[in-house]
Amino acid sequence: MAYWLIKSEPNKWSWDQHVAKGTDEWDGVRNFQARNNMIAMRPGDRAFYYHSREGLEVVGISEVVAEAHPDSTDDTGKWSCVDFRAVKPLTRPVPMPAIKADPELADMVLVKNSRLSVQPVTEAEWRRICSLGETDPD
DNA sequence: GCCAACGTTGGC
DNA sequence: GCCAACGTTGGC
């Protein structure tokens, strides 16, 4: 199983809306790197749900429930999306400053390339964030 | 195929 | 709300 991080601005699509939606088609991604990461996802992979611009914290864990398929909001045929489902919130959200301050997380894509909206997370980073969030990593 | 101009993202 | 960083577009 692989680990990922997906970003959303909570004033556009928050964790609570994600939870309420159930199966949530992650459409609207228009960046090749992000798209390629989604194409690499498999059902059962896990993703942190991060609130960007507002909040600036990892708030929850989601699971890939459907691998990449055409984005229904795209008419060019170039873009793909996967489906997610909320698994659980973090017991304690992990804010960006805590991530930046943690030497074990210094190489996270979130720190190094803050603009990438769908990004890979290593298993070590996964466990560390879960630990900071007082949440069972499984 | 280069690169300047432009648009968008997202931390601050 | 600002603006740095980055990705994309389009003229040449």
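- One interatomic measurement links the two molecules: CZ of A/F32 to C1' of C/dT9, which rounds to 12 Å at whole-angstrom precision.
- Pairing each heavy atom of A/P137 with each of A/C130, the nearest pair is CA-SG, 3.5 Å.
- In summary, the side chains of A/T73 and A/R30 do present a donor paired with an acceptor at a separation below 3.5 Å, with no hydrogens or angles considered.
- Nucleic acid contact for A/K100: sugar-phosphate only, since backbone atoms but no base atoms lie under 4.0 Å from a heavy atom of the residue.
- Between A/F32 and A/W79, the ring planes lie tilted relative to each other; the angle falls in the 30° to 60° range.
- If you take CG of A/N11 and P of B/dG11, they are 13 Å apart, rounded to a whole angstrom.
- The nearest whole Å value for the distance from the CG atom in A/L116 to the C1' atom in B/dG11 is 15 Å.
- OP1 or OP2 of B/dG11 lies within a sub-4.0 Å distance of a side-chain N or O belonging to A/Y50.
- Rounded to whole Å, atom P of B/dC12 lies 11 Å from atom CD1 of A/I99.
- By the 30° and 60° cut-offs, the orientation of the rings of A/W15 relative to A/H18 is tilted.
- Atom CZ of A/R92 sits in a sparse spot, with 12 or fewer heavy atoms from other residues, nucleotides or ligands closer than 6.0 Å.
- Remark: A/E123 engages A/R127 in a salt bridge (Lys or Arg N to Asp or Glu O under 4.0 Å) (not counting sequence neighbours).
- Straight-line distance from the CE atom of A/M108 to the P atom of B/dG11: 12 Å, rounded to whole Å.
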Pairs under 3.5 Å (N/O, protein and nucleotides 1-8 of chain B):
unit_1	atom_1	unit_2	atom_2	d
B/dT8	O2	A/R115	NH1	3.4
B/dT8	O2	A/R115	NH2	3.0

